[in-house]
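From a predicted model like this one, the values you see are computed outputs, not experimental measurements.
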Amino acid sequence: MSIQQSDVLYTAVATAENGRDGRVATDDGKLDVVVNPPKEMGGSGAGTNPEQLFAAGYSACFQGALGVVARNEGADISGSTVTAEVGIGKNDEGFGIIVKISAVIPNVDAATARDLVEKAHQVCPYSKATRGNITVELEV
């Protein structure tokens, strides 16, 4: 379900110059990075790239969603980590991405960890935004 403009609590604003081979910065100056295609895609690999930025955002968002779910379930996720791997490759329409989310939750058993990750995937805004558009694999 989408939200309405009146429901927005915060809006991030970032501007890119020269696309995948330039610079991207937020309006508040907290993020200002050089972006370059990775060597694997014929670039210099000198800067970060959109896939790394997406992976960073997705992993942080998913960890936050995991925290919400854990609090609701009374589960201890202290010491947990979430890693997002974002792959890019050619598809029928040009290029597409695929994501693998890996969570390590040391203080719960495997079944509980899997349940928490599945529930986090249902509430994470990044997961909601990508659902039905790209493949997202979950690993615990």
Side-chain angles (χ1 to χ4, degrees):
M1 172 180 278
S2 61
I3 65 172
Q4 302 300 314
Q5 186 61 39
S6 61
D7 298 322
V8 172
L9 300 174
Y10 169 76
T11 300
V13 178
T15 302
E17 299 171 4
N18 297 320
R20 297 181 69 86
D21 203 1
R23 176 178 163 260
V24 66
T26 56
D27 64 336
D28 62 5
K30 291 181 180 178
L31 178 72
D32 189 341
V33 295
V34 171
V35 290
N36 300 116
K39 289 182 179 182
E40 296 84 349
M41 294 179 65
S44 69
T48 189
N49 59 65
E51 291 70 40
Q52 289 174 322
L53 294 169
F54 187 74
Y58 203 161
S59 63
C61 188
F62 201 96
Q63 179 76 41
L66 185 62
V68 168
V69 169
R71 279 189 296 282
N72 290 340
E73 301 280 323
D76 177 8
I77 64 159
S78 59
S80 67
T81 60
V82 173
T83 301
E85 297 176 38
V86 176
I88 184 170
K90 292 186 177 185
N91 64 15
D92 292 340
E93 293 98 34
F95 285 88
I97 61 171
I98 187 169
V99 175
K100 178 179 170 185
I101 299 287
S102 303
V104 175
I105 311 171
N107 296 322
V108 299
D109 61 62
T112 300
R114 183 76 185 165
D115 183 58
L116 292 170
V117 167
E118 291 285 347
K119 287 177 178 174
H121 188 49
Q122 296 307 307
V123 301
C124 173
Y126 274 60
S127 292
K128 288 180 181 181
T130 59
R131 190 166 289 119
N133 299 310
I134 65 170
T135 300
V136 176
E137 176 187 343
L138 301 176
E139 182 179 86
V140 180

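Under the rule for a side-chain contact (heavy atoms from CB on, under 4.5 Å), the partners of Ser78 that lie at least two apart in sequence or sit in another chain are Asp76, Asn107. The side-chain contact (heavy atoms from CB on, under 4.5 Å) test applied to Val34 returns Asn36, not counting sequence neighbours. By the side-chain contact (heavy atoms from CB on, under 4.5 Å) test, Thr11 pairs with Val8, Val13, sequence neighbours left out. Every side-chain contact (heavy atoms from CB on, under 4.5 Å) that Ala14 has, sequence neighbours left out, goes to Val24, Thr26. Remark: Thr130 pairs with no residue by the side-chain hydrogen bond (donor to acceptor under 3.5 Å, both in side chains) rule, at least two apart or across chains.
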Only pairs under 3.5 Å count here: list side-chain donor-acceptor contacts from residues 93-102, not counting sequence neighbours, and write none if there are none.
from, atom 1, to, atom 2, distance (Å)
Lys100, NZ, Glu139, OE2, 3.2
Ser102, OG, Glu139, OE1, 3.2

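Here Leu66 contributes atom CG and Cys61 contributes atom SG; the two are 11.5 Å apart, rounded to the nearest 0.5 Å. Interatomic distance, CG of Leu116 versus CG of Asn72, reported as 10.5 Å (0.5 Å rounding).
The ring pair (Phe, Tyr, Trp, His ring centres under 6.0 Å) analysis of residues 117-140, with sequence neighbours excluded, yields the pairs Phe54-Tyr126, Tyr58-Tyr126. Listed by first then second residue, pairs satisfying salt bridge (Lys or Arg N to Asp or Glu O under 4.0 Å) with a partner in residues 103-117 read Arg114-Glu118, Asp115-Lys119, not counting sequence neighbours. For residues 74-93, no residue pair satisfies the ring pair (Phe, Tyr, Trp, His ring centres under 6.0 Å) rule, not counting sequence neighbours. Within the structure, every pair that satisfies the salt bridge (Lys or Arg N to Asp or Glu O under 4.0 Å) test and touches residues 11-24, not counting sequence neighbours, is listed here: Glu17-Arg23, Arg20-Glu51, Arg23-Asp32.
Remark: side-chain polar atoms of Asn49 are not paired, donor with acceptor, to backbone N or O of Gly45 under 3.5 angstrom.
Counting only heavy atoms from C-beta outward, the side chains of Val117 and Ile105 approach each other to under 4.5 Å.
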request  = In sequence, state the C-alpha distance, the side-chain angles, and the governing distance for Gln122 and Val69, and then conclude on side-chain contact (heavy atoms from CB on, under 4.5 Å).
outcome  = CA-CA 10 Å; Gln122 296 307 307; Val69 169; over 6 Å; no
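Other residues sharing a hydrophobic cluster with Tyr10 under the 4.5 Å side-chain heavy-atom criterion for ILVMFWY residues do not exist; the residue is a singleton.
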